[in-house]
Amino acid sequence: MFANSRVSCLIGLLSVALCWVCSSHSLLASERPNILFAIADDWGWHAGAYGDPVVSTKTFDQLAKDGVLFTRAFVSSPSCTPSRAAITTGQYHWRLEESANLYGPLRSRFPLYTDLLAEAGYHVGFTRKGWGPGDVRAGGRTQNPAGKRFRDFKRFLDERPVDAPFCFWFGSSDPHRGYELGSGAASGIPLDKIRVPACFPDSPEVRGDVADYFFEVQRFDREVGQLLEMLKQHGLDKNTIVVMTGDHGMPFPRCKGNLYDMGAQVPLVMSFPQRFEGGRTVDDFVSLTDLAPTFLEIAGIDVPQVMTGRSLLGRLAGESTYVPRPHVLIGKERHVPSQEAPDSGGTPMRAIRTDDFLYIKNLRPDRWPAGTPNYQKAFLRGCWYGDVDNGPTKNYMIDHRDKDEHHRALFEAAFGMRPARELYDLRLDPHQLKNVAGQNQYAEVEAQLEKQLMAELVEAKDPRAVGGGEKFDEYPYSGGAPRYPKDRVPKK
Ligand SMILES: [Ca+2]
């Protein structure tokens, strides 16, 4: 009798302890939350919630009021394939072999949060643009790393098993180019009120181009609003965390494909009013590699050790012991290879972004970071500076590069060669246009950042830091023009 009561007492204590563990670190199976992940394509850091005076992002802004707005979220790499590979694996893209490059397949040996959720009973799917671009099967996979493909969110919900929690990836292709010329102005976006980013010259062409980009940002935002309405109609809004972000910066010169904030910083909001206090703005550094561990932890699933991301759950839950990242690392391997310099590979770079500094290492300063100029084939605009998406701002900056000193300086910053080291003092130069690397007064800071960056790259087993990094240049390119040359045979 005595023994029995001791046992039941122990069981009782154990239950209390287990419940405490459940409530603080995960959820009981019946309460596992749904995850709605909305990711735009090429959406830079532009939203009403961040103070942009023109772009209208009502859905994002409402989620910011209801949830947690992150002001310093960065991608692993400012290129579609590696950025999405890093998001789905929770690992820096340089750990993902071919998928560090645009169009590179994502090998099946890299675990994905989507698969782990599916194995735990989640209904997992996506629509439109998931991981990619790239060949899913070439990676030894049977489906896109974002999950099973569905026509749309409605079909996904219709096919959901009763009582199964879900994880859905809404991958819009907005605001990726091409744009309908003049669509922004025609929709009523006031060109004169646009804050032209400091890395572009101010001209009617550039303003019109930014407005066309905003037009598609707004379309993405409206579509996410429609998804939220559907959640409500199905009674699913209470138990769903909604996450809205983008895969890297805007498709303009010195933005997408670059490690400056214009290329690597993205909007991020996470809203789950039933569980997490809303209306908070958080200035922590976040890497989008942190999303996979966050999603897993929120579902009560162990995070694989290979994931280099760090769960944000502690911050979302307001835990006082949560320690944010002190800085983020960013990198780039091959984006679009150059047609004119077939052996040039990519323009590998690594960077560390702290509160006050951005330090970039250009590992091959002999290569053109925006693609080769190719002026002799000027009629083939598609081959001009192939690493920059074609569009009115690109054309304007190239065509007017000799208009005056200002135009020339911005042209060089976007399209010119770059030194092996770049250092930007964000306290004096928030737009990251004045390289102070090599200046005496910054020698100590530069040395510290170099040491910190290299130590973390070594720890994360970056082939560019520990050896073998040239393989990134040798992987074949399967994307569109400008094509990787046919006569180049990748090494086995
Ligand atoms: Ca993209």
Side-chain angles (χ1 to χ4, degrees), residues 37-47 55 57 60 73-89 92-93 96 98-106 126-136 144-146 169-179 197 209-210 212-221 223-224 243-268 287-289 291 330-337 346-347 349 369-371 386-391 393-394 477-481:
F37 180 57
I39 179 166
D41 198 358
D42 299 13
W43 181 24
W45 202 68
H46 298 109
V55 72
T57 51
F60 186 86
F74 289 79
V75 298
S76 182
S77 184
S79 167
C80 300
T81 311
S83 178
R84 289 156 187 263
I87 289 169
T88 51
T89 61
Y92 292 121
H93 62 287
L96 305 174
E98 292 103 316
S99 214
N101 288 340
L102 183 68
Y103 280 98
L106 182 57
F126 82 105
T127 194
R128 302 196 211 165
K129 186 165 178 176
W131 164 86
D135 185 340
V136 168
N144 191 289
W169 169 305
F170 173 71
S172 171
S173 60
D174 287 336
H176 197 287
R177 292 182 187 273
Y179 304 146
D209 200 18
V210 174
D212 294 349
Y213 154 79
F214 280 170
F215 176 82
E216 294 206 356
V217 170
Q218 294 178 173
R219 187 163 61 189
F220 166 68
D221 186 83
E223 283 201 291
V224 178
V243 178
M244 197 169 166
T245 189
D247 67 346
H248 53 74
M250 65 199 296
F252 283 65
R254 204 176 158 94
C255 298
K256 174 180 178 179
N258 290 272
L259 306 190
Y260 312 114
D261 288 0
M262 290 297 292
Q265 188 176 15
V266 285
L268 175 66
S287 163
L288 290 201
T289 57
L291 295 178
I330 315 155
K332 181 194 179 188
E333 284 299 333
R334 190 177 64 219
H335 188 58
V336 178
T347 47
M349 309 167 185
D387 223 23
V388 181
D389 293 52
N390 294 313
T393 300
K394 175 180 178 178
Y477 178 74
S478 61

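Atoms within a ligand are numbered from 1 in the order they appear, just like the ligands themselves.
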Q. Has the side chain of D174 got a donor or acceptor atom that lies under 3.5 Å from a matching backbone atom of R219?
A. no
Starting from the Ca ion (ligand 1), look over the N/O/S atoms of [X] and name the nearest one.
X	value
D247	OD2
D42	OD1
D41	OD1

Q. Counting backbone and side chain alike, does H176 bring an N/O/S atom below 3.0 Å of the Ca ion (ligand 1)?
A.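 False for H176.
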Q.
Over 60° means perpendicular and under 30° means parallel, so tell me whether F170 and F220 are parallel, tilted or perpendicular.
A.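 Rings of F170 and F220: parallel, as their planes differ by under 30°.
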Q. Parallel, tilted or perpendicular: which fits the ring planes of Y179 and Y213, with parallel below 30° and perpendicular above 60°?
A. tilted
Q) Given atoms NE2 of H248 and SG of C80, what angle do they subtend at the Ca ion (ligand 1), to the nearest 10 degrees? A)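 Vertex at the Ca ion (ligand 1): approximately 100°.
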Q. Roughly how far, to the nearest 0.5 Å, is CD of E333 from CD of E98?
A. 12.5 Å
**Q.** The single option from D261, L288, V266 passing side-chain contact (heavy atoms from CB on, under 4.5 Å) against F74
**A.**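 Option passing the side-chain contact (heavy atoms from CB on, under 4.5 Å) with F74: D261.
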